[in-house]
Amino acid sequence: MIVACEVGFWVLLALGLAVRYLLKWRRTSVVLLLCEPLLELVLFVATAVDLKNGAEPGWEHGLAALYIGYTVAYGHYTIRWLDGHAAHRLAGAPRPPRPPRYGMARARHEGGLWLRTLLGAAVACALLQGAVWYVGDGDTSSLRSFQWVALRAAGIHGLVALAYLIWPKQPKGGAGSEPADRFVTSKERAG
């Protein structure tokens with residue numbers, strides 16, 4: 001079910017963007033993209049039903065919680081990013097701006113991504129804790145191990161983001177380089 005939901009996420013995303021930019025059916029694409037959260041609900045219900053029917057908590061239940069956490073935190077961000085690139089490639093829109101590369105602007109960007117990872121880890125840990133309580137006295141070690149996976153991922157990403165803050169990346173070269181403290185748009189680069 002997890003694999004089906006993951007594949008379904010990308011299929012719905014590709015269909016939504018293709019319908020929007022190749023067929024020019026904006027409303028249909030919005031409906032397709034709004035079906036994405038329904039996949040998460042299906043995955044959540046399927047996991048709960050599986051546990052209710054006496055399934056031994058395993059890696060698939062932990063992975064489902066991590067996947068739902070990722071989608072809550074990064075789903076909209078991923079769709080918006082891909083939509084910008086699809087608009088550029090398929091509809092002639094300007095190239096979407098790239099994230100900042102240097103200085104404090106890059107550190108802020110990385111910090112924002114880390115906050116998304118933290119949200120995803122919190123959602124996953126909460127779902128896993130709910131599953132632990134739901135199972136009760138059964139063996140929940142696999143669910144607990146996935147809580148640690150989520151916390152480790154958030155911790156490692158936090159250290160990476162902190163590194164960008166402590167040691168901000170500087171442009172190579174000097175005078176012709178991009179300014180370190182501001183986001184340069186594609187229009188500014190082109191003209």
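Listed by first then second residue, pairs satisfying salt bridge (Lys or Arg N to Asp or Glu O under 4.0 Å) with a partner in residues 8-29 read Arg20-Asp83, not counting sequence neighbours.
In this structure, the side chain of Thr117 engages the main chain of Leu113 through a donor-acceptor pair within 3.5 Å. Side-chain atoms of His157 never come within 3.5 Å of backbone atoms of Ala154 as a donor-acceptor pair (strictly under, hydrogens ignored). Proximity of a side-chain donor or acceptor of Ser142 to a complementary backbone N or O of Pro57 within less than 3.5 Å is detected.
In terms of hydrophobic clustering, with Ile, Leu, Val, Met, Phe, Trp and Tyr side chains grouped at heavy-atom distances under 4.5 Å, Leu23 and Leu90 are assigned to a common cluster. Put simply, Leu63 and Val123 are part of the same group of oily side chains (I, L, V, M, F, W, Y) that touch within less than 4.5 Å, one to the next. Under a hydrophobic clustering in which Ile, Leu, Val, Met, Phe, Trp and Tyr are joined whenever their side-chain heavy atoms come within less than 4.5 Å, directly or via other members, Trp81 and Val72 fall into the same cluster. No path of Ile, Leu, Val, Met, Phe, Trp and Tyr side chains, each step under 4.5 Å between heavy atoms, connects Val149 with Leu151, placing them in separate hydrophobic clusters.
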Phe9/Glu36 under side chain to side chain contact (heavy atoms under 4.5 Å, CB included): CA gap, chis, key distance, verdict: CA-CA 6 Å; Phe9 175 85; Glu36 299 282 0; 2.8 Å; yes
Check against side chain to side chain contact (heavy atoms under 4.5 Å, CB included), Leu17 and Leu13: CA-CA 6 Å; Leu17 294 176; Leu13 185 56; 4.3 Å; yes
Criterion side chain to side chain contact (heavy atoms under 4.5 Å, CB included) on Thr78 and Trp10, from CA distance to verdict: CA-CA 11 Å; Thr78 302; Trp10 293 106; 3.9 Å; yes
Step-by-step side chain to side chain contact (heavy atoms under 4.5 Å, CB included) determination, Trp114 to Leu162: CA-CA 9 Å; Trp114 175 70; Leu162 185 62; over 6 Å; no
Verdict with supporting geometry, Gln129 and Arg144, side-chain hydrogen bond (donor to acceptor under 3.5 Å, both in side chains): CA-CA 8 Å; Gln129 188 59 45; Arg144 295 270 186 216; 2.8 Å; yes
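Atom OH of Tyr21 sits about 12.0 Å away from atom NE2 of His88, to the nearest 0.5 Å. Note that the CD1 atom of Ile79 and the CG atom of Leu12 stand 9.0 Å from one another [nearest 0.5 Å]. Note that the CD atom of Glu110 and the CG atom of Leu115 stand 11.5 Å from one another [nearest 0.5 Å].
Looking only at atom types and distance, the side chain of Arg116 has no donor-acceptor partner in the side chain of Tyr74 under 3.5 Å away.
Inter-residue side-chain proximity for Pro96 and His85 is flagged as met; some heavy-atom pair is nearer than 4.5 Å.
Applying side-chain contact (heavy atoms from CB on, under 4.5 Å) to Leu15 and the options Thr28, Leu32, Leu33 leaves one that passes, Leu32.
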